[in-house]
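Reviewing the structure listed below.
Starting from 1, each residue takes its place in the sequence as its number.
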Amino acid sequence: SDREGAEQFAICGFQPAFSVLAKLTYFKLLPPGRAVGYDSTYETLGNEWIANITTGWSDGLSRRLSNGLGGIRRLKTGELCPVVGRVSMDSITIRLPEAPDEEEIFQVISDDFDDTTSAVGMARNLGAAVYEMPGNWSTRLARVYTRNGKIAQIYPSLEYTC
């Protein structure tokens, strides 16, 4: 997860194979002074677009990414949308610069070497190993495998047999 190692991988043409994509479950324009998240750990400073994504610490997103330490990439614009409030068990709230489109896609974990949104960047910021980022993700989430930019296989969730 060190910067030099990640830069060498990028120079060699390697690209991370793991990313997490999500759609918003709701979004709302909140007035100044509204509390967001468990224990009201974030308060809106002005009129702010706040949105919810249904992934949280039970899915593998570290609680340490709460309150601006983590961010989600808005694919439409490439903007970083900070996590506001506390990462909860099964959801996160993010601040958007404007109202989103209903079907917009966001990257919870990006498939690049970004300092904030990639598995490499998250691992570096959390003092963790890179393999912990994909390794911690819940088996209840669908796995979508692509080949040459096209969907090759979808597994709705991983099944266990004894």
May I ask you to say whether [X] pairs ionically with [Y], meaning some side-chain N is under 4.0 Å from a carboxylate O?
X	Y	value
Lys23	Glu103	yes
Glu98	Lys76	no
Arg73	Asp112	yes

Next on the checklist: I'd like to know whether Asn67 forms a side chain to side chain donor-acceptor pair (under 3.5 Å) with Thr41, so could you lay out the CA-CA distance, the side-chain angles of the two residues, the decisive distance to 0.1 Å, and finally the verdict.
Outcome noted: CA-CA 7 Å; Asn67 293 305; Thr41 59; 3.3 Å; yes
Checklist entry - With under 30° as parallel and over 60° as perpendicular, where do the rings of Trp137 and Phe18 fit, or are they tilted in between? => result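 Rings of Trp137 and Phe18: tilted, 30 to 60°.
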Return the [atom1] to [atom2] distance between [X] and [Y], rounded to the nearest 0.5 Å.
X	Y	atom1	atom2	answer
Leu96	Leu24	CG	CG	6.0 Å
Thr93	Tyr38	OG1	OH	11.0 Å
Phe106	Ile92	CZ	CD1	10.0 Å
Gln107	Ser118	CD	OG	10.0 Å
Phe27	Glu104	CZ	CD	8.5 Å
Gln15	Phe9	CD	CZ	13.5 Å

Next on the checklist: Starting from Val83, can I reach Val36 by hopping between I/L/V/M/F/W/Y residues whose side chains sit under 4.5 Å apart?
Outcome noted: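 No; Val83 is not reachable from Val36 via cluster members.
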Next on the checklist: Going by side chain to side chain contact (heavy atoms under 4.5 Å, CB included), name the residues that satisfy it together with Leu80, two or more places apart in sequence or in a different chain.
Outcome noted: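 Side chain to side chain contact (heavy atoms under 4.5 Å, CB included) check on Leu80 returns Thr116, Thr117.
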Does any part of the side chain of [Y], heavy atoms only, come nearer than 4.5 Å to the side chain of [X], both counted from C-beta?
X	Y	value
Leu126	Leu65	yes
Ser66	Ser88	no
Arg95	Ile50	yes
Ser62	Trp57	no
Leu69	Asn125	no
Arg74	Ile105	no

Checklist entry - Can you find a side-chain donor-acceptor pair between Asp90 and Ser58 that sits under 3.5 Å? => result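 Short answer, no.
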Item to check | Qualifying salt bridge (Lys or Arg N to Asp or Glu O under 4.0 Å) pairs, either residue in residues 33-48, two or more places apart | outcome: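 Salt bridge (Lys or Arg N to Asp or Glu O under 4.0 Å) check on residues 33-48 returns Asp39-Arg86.
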Next on the checklist: Going by salt bridge (Lys or Arg N to Asp or Glu O under 4.0 Å), name the pairs with one or both residues in residues 5-14, residues two or more places apart or in two chains.
Outcome noted: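 Found none.
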Next on the checklist: Walk me through whether Leu61 and Met122 qualify under side-chain contact (heavy atoms from CB on, under 4.5 Å).
Outcome noted: CA-CA 10 Å; Leu61 191 66; Met122 285 183 185; 4.3 Å; yes
Item to check | Stepwise side-chain contact (heavy atoms from CB on, under 4.5 Å) check, Leu30 with Asn47 | outcome: CA-CA 6 Å; Leu30 294 179; Asn47 290 327; over 6 Å; no
Next on the checklist: Applying side chain to side chain donor-acceptor pair (under 3.5 Å) to Asp59 and Thr55, what does each step give before you reach the verdict?
Outcome noted: CA-CA 6 Å; Asp59 297 310; Thr55 190; 3.2 Å; yes
Checklist entry - Does the side-chain contact (heavy atoms from CB on, under 4.5 Å) test come out yes or no for Leu75 and Leu21, once each step is laid out? => result CA-CA 9 Å; Leu75 285 182; Leu21 303 176; 4.2 Å; yes
